[in-house]
Amino acid sequence: MNNIKFSAYRTAMKLRRLQKALRLDLLTLASVAEVFREQELQAGERVMDVVEVIHALTALYERLEEERAVLINIPLCVDMCLNWLLNVYDSGRNGKVRVLSLKTGLVSLCKADLQEKYKYLFRQVCGGGGVADVRQLSVLLHEAIQIPRQLGEVAAFGAATWSPAYAAASA
């Protein structure tokens, strides 16, 4: 895939391939949000261990199998998705992932309109009045940029410059 000339297309192809391999292209944003509520995964700053992530992913894939009436190898999908999430958000393999990281990874690859994904993720970091401060937005952007970083495409998206640029713009 690295022979695709333009980085945005190359990244999109990698994401689509990952999405299909993890079967997340079949999962709606509403289903993801419902599983998060059922698993009581509302606090984005909370840290989950691997066992909690496995429980959440298992519930997610079981719901997918129920809703879509398709046969899914749940243990394989859970294992692959967990491995991907740990590669993206726990590269030191400490066995810990923040709830916001889990949500960002899964929402980014689920089946939904891009604008709906943005709204959902923004609501995860904003305060009670629907407003996010610099720190909250910076945390969300940091979580989001980890995905192209893991795909080897971070340089094309200005990860090194977004934080200083955002801080200057919001000052």
Side-chain angles (χ1 to χ4, degrees), residues 1-39 41 44 48-93 95-125 139-159 162:
M1 244 184 252
N2 286 328
N3 61 351
I4 298 172
K5 182 178 180 180
F6 297 109
S7 61
Y9 297 145
R10 188 173 52 247
T11 304
M13 291 296 295
K14 288 178 180 180
L15 286 171
R16 181 65 176 157
R17 185 176 221 181
L18 178 64
Q19 182 188 45
K20 290 180 80 63
L22 298 177
R23 306 296 300 261
L24 295 174
D25 60 321
L26 304 173
L27 194 63
T28 65
L29 180 57
S31 295
V32 173
E34 184 61 30
V35 168
F36 289 153
R37 272 191 297 279
E38 289 171 2
Q39 299 287 316
L41 300 175
M48 305 170 65
D49 62 21
V50 170
V51 174
E52 291 175 293
V53 176
I54 290 171
H55 287 302
L57 291 174
T58 301
L60 202 65
Y61 282 109
E62 286 172 351
R63 177 174 295 256
L64 175 60
E65 196 172 53
E66 278 177 30
E67 288 179 354
R68 299 295 237 155
V70 293
L71 186 61
I72 295 175
N73 185 341
I74 294 174
L76 177 63
C77 288
V78 167
D79 190 46
M80 288 191 323
C81 194
L82 174 66
N83 189 45
W84 176 72
L85 287 166
L86 292 175
N87 284 341
V88 174
Y89 296 111
D90 184 26
S91 57
R93 292 297 177 146
K96 305 281 186 194
V97 174
R98 290 187 344 187
V99 169
L100 183 60
S101 301
L102 176 74
K103 288 182 174 184
T104 303
L106 294 175
V107 168
S108 296
L109 294 180
C110 77
K111 177 183 177 180
D113 180 61
L114 188 58
Q115 198 166 17
E116 291 303 312
K117 292 178 183 184
Y118 289 156
K119 286 179 186 177
Y120 179 84
L121 290 172
F122 181 79
R123 283 193 302 266
Q124 302 309 302
V125 296
V139 166
L140 179 60
L141 292 173
H142 175 77
E143 297 295 329
I145 202 69
Q146 298 311 306
I147 296 170
R149 181 183 312 275
Q150 193 268 333
L151 295 174
E153 299 292 341
V154 72
F157 295 96
W162 69 262

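All residue numbers refer to positions in the sequence shown, counting from 1.
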**By side-chain contact (heavy atoms from CB on, under 4.5 Å) - contacts of Arg68 (at least two apart)** =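 By the side-chain contact (heavy atoms from CB on, under 4.5 Å) rule, Arg68 matches Leu26, Leu64, Val70, Lys111.
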Between [atom1] on residue [X] and [atom2] on residue [Y], distance to nearest 0.5 Å:
X      : Y      : atom1 : atom2 : value
Ser108 : Tyr118 : OG    : OH    : 9.0 Å
Leu60  : Arg23  : CG    : CZ    : 13.0 Å
Lys117 : Thr104 : NZ    : OG1   : 12.0 Å
Leu57  : Gln39  : CG    : CD    : 9.5 Å

Is the shortest side-chain heavy-atom distance between [X] and [Y] below 4.5 Å?
X      : Y      : value
Leu100 : Gln124 : yes
Arg10  : Met13  : no
Thr11  : Leu15  : yes

Specify the closest pair of heavy atoms between [X] and [Y], including all atoms of both residues, with the distance to one decimal.
X     : Y      : result
Asp25 : Arg16  : CB-NH1, 3.6 Å
Met48 : Leu102 : SD-CD2, 3.8 Å
Arg98 : Val139 : NH2-CG1, 3.1 Å
Lys14 : Leu151 : NZ-O, 3.0 Å
Leu27 : Cys110 : O-CB, 3.3 Å
Leu22 : Tyr61  : O-OH, 2.6 Å

**Request:** Check whether any side-chain N or O of Lys103 sits under 3.5 Å from a backbone N or O of Tyr120 as a donor-acceptor pair, and report yes or no.
**Result:** no
**Request:** Apply the test side-chain contact (heavy atoms from CB on, under 4.5 Å) to residues Lys119 and Glu116: give CA-CA distance (whole Å), side-chain angles for both, the deciding distance (0.1 Å), then the verdict.
**Result:** CA-CA 5 Å; Lys119 286 179 186 177; Glu116 291 303 312; 3.7 Å; yes
**Worked check of salt bridge (charged side-chain N to carboxylate O under 4.0 Å, His left out) between Arg37 and Glu34** = CA-CA 5 Å; Arg37 272 191 297 279; Glu34 184 61 30; 2.8 Å; yes
Distance-only check: which donor-acceptor pairs under 3.5 Å involve side-chain atoms of residues 75-90, not counting sequence neighbours?
from  : atom 1 : to     : atom 2 : distance (Å)
Asn83 : OD1    : Arg93  : NH2    : 3.0
Trp84 : NE1    : Gln150 : OE1    : 3.3
Asn87 : OD1    : Arg93  : NH2    : 2.4
Asn87 : ND2    : Asn83  : O      : 3.4
Tyr89 : OH     : Glu143 : O      : 3.1
Asp90 : OD1    : Arg93  : N      : 3.4
Asp90 : OD1    : Asn94  : N      : 3.0
Asp90 : OD2    : Asn94  : N      : 2.9
Asp90 : OD2    : Gly95  : N      : 2.7
Asp90 : OD2    : Lys96  : N      : 3.4

